[in-house]
Amino acid sequence: DYAPIFKGNKRITVSGGGQWQEDMDIKFYFIVGTPPRDVLEMQQIWRPQSKSYTSIMNDDCFEPRSHKMLSSASAFKINTVVTGHGQQGEFIPRNHYIDVDNNPSNKNTWRVWTECAGNPVYPQGGTWIFDRANWCPGEAVPIYNHEITPYVTAGDSALVDINFSSYNPNGDASYSCAVHFFQYKEPNFELDAEVIDIISPSLKDQYSRLNPVCTNPIIKIRNSGTQELTALTIEYGVKGGTMQTQQWTGNLKFMQEEEVTLGEMINDGNQNTFE
């Protein structure tokens with residue numbers, strides 16, 4: 001999705017708080033091959049910033065903005081990264097939504113809340129052990145994707161707004177928001193499936209609480225084609241050993257994901273690598 005802004009020479013900085021007391025780790029994965037769909041344009045709707053709940057609800061910031069749809073685009077998506085802060089914003093779950101053209105049927109709503117029990121930065125003490133509004137100390141913030149293609153028309157403009165469920169905070173409540181808008185060409189595949197991650201066995205830091213394992217692997221699959229994905233044959237095993245087969249059935253629409261737990265591994269490989 002972000003490929004268009006990584007062309008040419010770029011300068012990258014990390015700022016906005018915390019960089020003088022915490023390690024900041026950034027990785028970029030450049031995947032070779034044909035993407036599920038080509039990006040025509042990526043834009044930032046509002047400048048990423050932290051604002052009070054009252055300012056957001058009064059439209060003093062993150063106010064409704066009109067956005068132009070390219071006439072050559074066939075699909076449109078908004079993704080958001082939102083975290084809550086302050087006694088009322090950080091420790092109380094709220095509903096957050098993206099509104100398109102001020103139409104109730106066009107709202108995409110989700111709960112801004114993360115359970116921190118599985119935080120890979122472990123153990124932690126003090127208040128760090130408590131669940132929070134979409135973040136845990138040291139853990140990645142979830143990204144929410146909203147396919148808004150049914151609500152807009154290529155070549156027209158649409159009014160986009162960001163808001164929260166209405167409440168009356170009796171203490172500090174603020175929210176950090178980053179919102180990006182993507183426009184795409186037609187999807188490149190009718191029938192396509194991919195393994196987008198291996199959760200276990202894995203050496204990745206974010207899965208440290210789930211590893212090491214020697215039994216049932218967990219993978220994440222995605223439907224990258226326009227046809228609904230209903231069945232898969234998954235082959236897996238330890239490199240150099242017996243490859244096992246498992247059938248998966250389900251119903252995934254375009255770009256939907258699912259975690260799949262596989263059967264117990266036969267650990268007879270000679271390279272100590274899962275594939």
Side-chain angles (χ1 to χ4, degrees), residues 1-2 5 12-28 42-65 77-99 107-148 160-182 197 204-209 257:
D1 280 347
Y2 292 93
I5 63 172
I12 298 173
T13 64
V14 178
S15 60
Q19 65 270 26
W20 301 115
Q21 61 186 7
E22 300 152 353
D23 286 334
M24 297 292 176
D25 184 16
I26 301 176
K27 290 186 176 72
F28 298 97
M42 173 264 163
Q43 286 191 344
Q44 200 168 254
I45 297 182
W46 298 276
R47 183 172 67 87
Q49 53 190 319
S50 179
K51 292 294 183 180
S52 72
Y53 167 82
T54 303
S55 296
I56 296 172
M57 298 303 287
N58 289 340
D59 284 332
D60 296 329
C61 59
F62 302 118
E63 73 285 355
R65 289 192 176 181
K77 184 182 79 174
I78 293 174
N79 76 20
T80 63
V81 180
V82 177
T83 57
H85 305 272
Q87 189 64 35
Q88 291 290 302
E90 184 169 331
F91 297 105
I92 301 176
R94 308 289 182 190
N95 284 337
H96 168 61
Y97 61 88
I98 290 288
D99 191 328
K107 283 185 180 179
N108 288 277
T109 305
W110 72 100
R111 193 168 180 253
V112 180
W113 194 245
T114 299
E115 295 182 358
C116 295
N119 194 340
V121 184
Y122 173 87
Q124 297 197 29
T127 63
W128 300 121
I129 62 174
F130 299 124
D131 300 340
R132 279 177 160 75
N134 226 33
W135 66 281
C136 299
E139 194 171 8
V141 176
I143 299 174
Y144 290 90
N145 294 299
H146 316 283
E147 299 284 345
I148 64 168
V160 179
D161 195 11
I162 182 172
N163 273 310
F164 294 85
S165 56
S166 180
Y167 71 101
N168 185 24
N170 56 11
D172 184 29
S174 62
Y175 293 89
S176 293
C177 305
V179 186
H180 297 149
F181 180 76
F182 303 90
D197 206 357
K204 291 183 178 179
D205 292 337
Q206 62 264 41
Y207 301 137
S208 61
R209 299 289 299 281
E257 304 172 357

Practice item. State, to 0.1 Å, how close I56 and I162 come at their nearest heavy-atom pair, and which atoms those are. Key: CG2-O, 4.0 Å

Exercise for review: Any chance you could lay out the side-chain contact (heavy atoms from CB on, under 4.5 Å) test for D1 and K77, step after step, and finish with the verdict?
Suggested key: CA-CA 10 Å; D1 280 347; K77 184 182 79 174; 2.5 Å; yes

Point to revise | Value rounded to 0.5 Å, distance of CD1 in I98 from CZ in F181 | key: 11.0 Å

Point to revise | Gap separating the CZ atom of R65 from the CG atom of D59, nearest 0.5 angstrom | key: 11.0 Å

Revision key, fill the gap. A173 and Y167 have their tightest heavy-atom pair at CB-OH, 3.4 Å

Review point. Using the ring of each side chain (for Trp, its six-membered ring), is H146 parallel, tilted or perpendicular to Y144, with breaks at 30° and 60°?
Key: parallel

Review point. Is it the case that more than 12 heavy atoms not belonging to Y122 sit under 6.0 Å from its OH atom?
Key: no

Revision key, fill the gap. Residue pairs passing the side-chain hydrogen bond (donor to acceptor under 3.5 Å, both in side chains) test with at least one member in residues 81-98, sequence neighbours excluded, are T83-H85, Q88-N170, E90-R132

Point to revise | Distance in Å, I148 CD1 paired with I78 CD1, rounded so as to fall on 0.5 Å steps | key: 4.0 Å

Revision key, fill the gap. The side-chain contact (heavy atoms from CB on, under 4.5 Å) partners of N58 (sequence neighbours excluded) come to T54, D60

Check your understanding: Under 6.0 Å between the ring centres of F28 and Y2?
Key -> no

**Study point:** Between OH on residue Y175 and CG on residue N134, distance to nearest 0.5 Å
**Key:** 10.5 Å

Check your understanding: Given side chains that start at C-beta, do those of F164 and V82 come closer than 4.5 Å, heavy atoms only?
Key -> yes

Point to revise | Distance (rounded to the nearest 0.5 Å) between Q49 CD and S174 OG | key: 11.5 Å

Review point. If you count the non-hydrogen atoms of other residues, nucleotides and ligands that lie under 6.0 Å from CG in D205, is the total more than 12?
Key: no

Please set out all donor-acceptor pairs under 3.5 angstrom arising from side-chain atoms of residues 107-120, sequence neighbours excluded.
unit_1	atom_1	unit_2	atom_2	d
N119	OD1	V121	N	3.0
N119	ND2	P137	O	2.9

Check your understanding: Just wondering, do C177 and F62 contact through their side chains at under 4.5 Å, heavy atoms?
Key -> yes

Exercise for review: Flag the pair F182 / N145 as yes when at least one side-chain heavy-atom distance between them is below 4.5 Å, and no otherwise.
Suggested key: no

